[in-house]
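Remarks on the structure that follows.
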Number of protein chains: 2
Amino acid sequence: MARHKGHITIHDIAQSLQVSASTVSRALKNDKRISEATRKKVKQFAAENGYRLNVVASNLRKQRTETIGVIVPRIDRHFLATIISSIELHAHNHGYSVVITQSRESSDDEEKAVLTMFNQRVDGLLISTSLETKGEHNFDLFIKNNIPLVFFDRVPDDINLNRVVTNDRASSYKVTSRLLQNGHKKIYFVNGPTSILVFRNRLKGFKEALNDRGLEWNEQMYTECDLTLYSGRKIAEDILNRGDMPDAVYCSNDTTALCFLQVAQERGMSVPEDFSLHGFSDEPFSAVLTPKLSTVKQPGEEMGQIAVERLLELIDKKDLPPKTFVIPSVIKSRESDL
Amino acid sequence: MARHKGHITIHDIAQSLQVSASTVSRALKNDKRISEATRKKVKQFAAENGYRLNVVASNLRKQRTETIGVIVPRIDRHFLATIISSIELHAHNHGYSVVITQSRESSDDEEKAVLTMFNQRVDGLLISTSLETKGEHNFDLFIKNNIPLVFFDRVPDDINLNRVVTNDRASSYKVTSRLLQNGHKKIYFVNGPTSILVFRNRLKGFKEALNDRGLEWNEQMYTECDLTLYSGRKIAEDILNRGDMPDAVYCSNDTTALCFLQVAQERGMSVPEDFSLHGFSDEPFSAVLTPKLSTVKQPGEEMGQIAVERLLELIDKKDLPPKTFVIPSVIKSRESDL
DNA sequence: TTGTAAGCGTTATCAC
DNA sequence: GTGATAACGCTTACAA
């Protein structure tokens with residue numbers, strides 16, 4: 001706000017026009033109680049003299065900021081960028097501004113971000129938690145003060161919260177079933193860290209699909225990967241070096257699937273001839289790999305929209321019971337898992 | 001700020017502790033003029049009672065918001081997401097918050113965003129312009145009021161502005177020279193719209209490289225693409241259907257290069273055997289295509305950091321002369337252009 | 001239809 | 001070392 005100094009205020013307009021500041025304030029808001037003539041006069045003067053509402057002052061007085069805070073692990077991950085883009089679009093359509101902070105997967109940074117957002121008096125908060133976050137402790141400040149909070153994608157496992165998620169378990173079940181239907185018996189599942197709910201759910205879906213076909217869960221055919229390329233490659237190398245190759249590899253994440261594809265190709269194997277490969281998340285690269293990677297597309301735009309709409313609803317009507325929205329993902333069957 | 005109501009203020013603390021509000025305010029800021037004892041007492045009480053500074057009130061009083069505005073065409077484009085991520089990181093490291101708006105390539109929306117940002121009294125603005133934007137007219141409000149403004153990536157062609165860009169012309173020159181050195185004579189250049197400075201610069205670099213080797217610029221070997229997949233495919237089909245195939249295709253954008261690769265493969269051609277292919281922008285998919293796409297990696301993180309640092313410098317010292325920062329890109333020579 | 005006055009929660013100035 | 005007071009620019013009862 002530095003150097004906005006000296007900017008014209010409603011008092012300046014009032015003085016010039018020989019009316020009161022409240023009249024100016026009302027006229028600018030098109031308040032019917034002010035005569036058509038005065039309204040016109042005020043608005044014209046304001047326009048001609050470059051008057052611009054000071055939202056900071058207005059916010060202080062109104063005790064609301066029409067701003068929502070967004071805290072995500074990182075902005076530059078495709079799926080999150082998609083959600084953020086959608087959040088920004090729908091928030092603005094409803095007249096809300098958006099303040100963004102990254103937790104960078106750190107629970108401490110996430111907590112600090114929450115405090116900052118509170119200090120800024122955002123009207124509500126949208127959060128996808130960091131990998132480190134345990135429970136909803138970090139968000140107590142908002143919860144205790146009953147300020148609207150909606151979790152999306154990576155959410156705490158607590159139905160007393162407002163959450164927007166996708167149907168990971170069902171999608172994972174479908175992927176696994178499809179692999180089984182295609183005759184694969186030895187399916188290796190490379191999951192993400194099960195400290196995160198989405199990965200626990202994907203694991204559930206996987207196990208259920210096996211169960212429903214009378215196959216038993218086998219510890220040897222399962223690993224967890226921390227989602228980095230480094231860890232993905234190590235796991236891929238490890239598995240593809242084994243004597244007993246899997247028929248299919250199902251990764252809870254396209255980046256890990258990519259590692260398998262690359263390692264396989266380096267070893268002269270081909271996908272899906274030597275083994276089927278299935279990913280999860282539909283990264284931008286997945287559709288253009290050779291072979292095109294089969295994967296699961298998560299509904300980012302829709303999740304962002306629903307999250308915003310729910311948050312605004314909570315800001316509006318104070319005490320709605322918590323609700324979890326489940327937006328279905330879609331299986332993208334391409335070439336890697338024939 | 002709704003429902004932050006009833007939250008404790010410095011006056012509540014003052015009353016409880018039988019001191020004045022100014023003492024509380026000072027104590028909380030660790031003002032040396034307040035005795036150690038009082039400071040401790042105040043801070044402890046504040047902590048125990050969950051006091052949280054109301055930044056809105058503080059901002060109004062201080063006439064600055066410690067917030068910077070960011071306006072970009074879209075958040076969900078990889079390169080921009082990278083820059084935004086960097087902006088957020090460095091802004092927060094300096095104690096600034098970040099408000100984001102997308103212009104969605106619309107000049108009108110961009111202008112509206114500028115007005116909103118002004119109303120919010122952001123201390124400065126970071127902008128990458130929309131495809132439609134002509135000149136710097138949209139930003140007059142900030143320019144006239146002398147509020148710091150830094151353009152990045154897509155910037156107006158006006159050296160009186162603060163800008164952070166990459167060396168497009170030199171990179172384009174290098175790419176073209178490399179292609180020529182490798183013996184290619186018929187190089188087809190598919191550029192982006194030259195209404196945008198970066199594309200004008202890439203075209204300049206291309207022409208200069210031809211010139212320096214005594215080759216002449218040939219209208220037939222040039223098209224502009226609007227960066228969409230649809231337009232990219234059409235151009236690729238058109239060119240690969242011609243009688244006289246190019247030796248090499250150089251695209252000002254990886255997405256367009258991808259279209260060429262796909263169309264070529266559909267027609268049974270191979271890259272780089274049938275023609276060399278070079279992109280620009282280093283999308284996440286580029287390194288994992290078959291063949292791996294040679295391209296130009298733009299320094300997004302660095303650009304974001306420099307943009308923030310410059311903006312904060314301008315916020316700090318009012319009247320620095322405008323400056324353009326040129327951060328070099330790096331050529332990623334991979335497999336598609338042997 | 002318009003005006004008066006109080007107040008949102010801070011911080012800065014001046015005084016003691 | 002601390003306090004009183006005004007002001008930041010706006011909105012909103014309440015009055016007129």
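First the proteins, then the strands, lettered A, B, ... as listed; each starts at 1. What you see is a predicted model, and the numbers here were worked out from it, not measured in a lab.
In terms of phosphate contacts, B/Ser58 brings a side-chain nitrogen or oxygen within less than 4.0 Å of OP1 or OP2 of C/dT11. A/Thr38 has a side-chain polar atom (N or O) that falls below the 4.0 Å cut-off from OP1 or OP2 of C/dT2. The shortest distance between the side-chain N/O atoms of B/Gln63 and the OP1/OP2 oxygens of C/dT11 is not below 4.0 Å. Distances shorter than 4.0 Å separate some side-chain N or O of B/Lys29 from OP1 or OP2 on C/dT11. The phosphate of D/dT2 has OP1 or OP2 within less than 4.0 Å of a side-chain N or O from B/Ser35.
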Could you list, one pair per line, each protein nitrogen or oxygen that sits under 3.5 Å from a nitrogen or oxygen of nucleotides 13-16 of chain D, together with the distance?
residue: D/dA13; atom: N6; partner: A/Arg26; partner atom: NH2; Å: 2.5

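Within the helix from C/dT1-D/dA16 to C/dC16-D/dG1, the inter-axis angle between the opening and closing five-pair segments is 40°, rounded to 10°.
A/Arg39 places its CZ atom 11 Å from the C1' atom of C/dT1, with the value rounded to the nearest Å. Rounding to whole angstrom units, NE2 of residue B/His11 and P of C/dC8 are separated by 9 Å. Atom CG in A/Asn54 sits about 17 Å away from atom P in D/dA7, given to the nearest Å. Here D/dC10 presents its P atom at 12 Å from CG of A/Asn59, a figure rounded to the nearest Å. As a whole-Å value, the separation of A/Leu60 CG from C/dG9 P is 7 Å. Rounded to an integer number of Å, the gap from NZ of A/Lys32 to C1' of C/dT2 is 17 Å. In this structure, B/Asp12 atom CG and C/dT10 atom P are separated by 9 Å, rounded to whole Å. Atom CZ in A/Phe118 sits about 13 Å away from atom C1' in C/dG9, given to the nearest Å.
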Would you please test B/His11 and B/Gln15 for side chain to side chain donor-acceptor pair (under 3.5 Å) and show each step?
CA-CA 6 Å; B/His11 291 103; B/Gln15 195 162 24; over 6 Å; no

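Listed by first then second residue, pairs satisfying salt bridge (charged side-chain N to carboxylate O under 4.0 Å, His left out) with a partner in residues 131-146 of chain A read A/Asp140-A/Lys144, not counting sequence neighbours.
Counting non-hydrogen atoms under 4.0 angstrom, B/Thr9 reaches the backbone sugars and phosphates but no base. Within the 4.0 angstrom heavy-atom criterion, only backbone atoms of the sugar-phosphate kind lie near A/Val19; the bases stay farther away. Across all strands shown, B/Ser25 has heavy atoms under 4.0 Å from base atoms, whether or not it also approaches the sugar-phosphate.
For A/Asn30, the side chain to side chain donor-acceptor pair (under 3.5 Å) test picks out A/Arg39, A/Lys43, with sequence neighbours left out. Every salt bridge (charged side-chain N to carboxylate O under 4.0 Å, His left out) that A/Arg154 has, sequence neighbours left out, goes to A/Glu105. Contacts of B/Arg104 classified as salt bridge (charged side-chain N to carboxylate O under 4.0 Å, His left out), with partners at least two apart in sequence or in another chain: none.
Checking C/dT11, D/dA4, D/dC10 against every side-chain atom of A/Leu53, the shortest atom distance belongs to D/dC10.
Looking at A/Thr82, its side chain does come within 3.5 Å of a backbone N or O of A/His78 through a donor-acceptor pair. Side-chain atoms of B/Ser58 do not come within 3.5 Å of backbone N or O of B/Asn54 as any donor-acceptor pair. For A/His94 (side chain) and A/Glu309 (main-chain N/O), no donor-acceptor pair under 3.5 Å exists by modelled atom type.
Going from atom CG of A/Leu149 over to atom CZ of A/Phe139 covers 7.0 Å, rounded to the nearest 0.5 Å.
Using a cutoff of 4.0 Å between basic side-chain nitrogens and carboxylate oxygens, A/Asp31 and A/Lys29 are not scored as salt-bridged.
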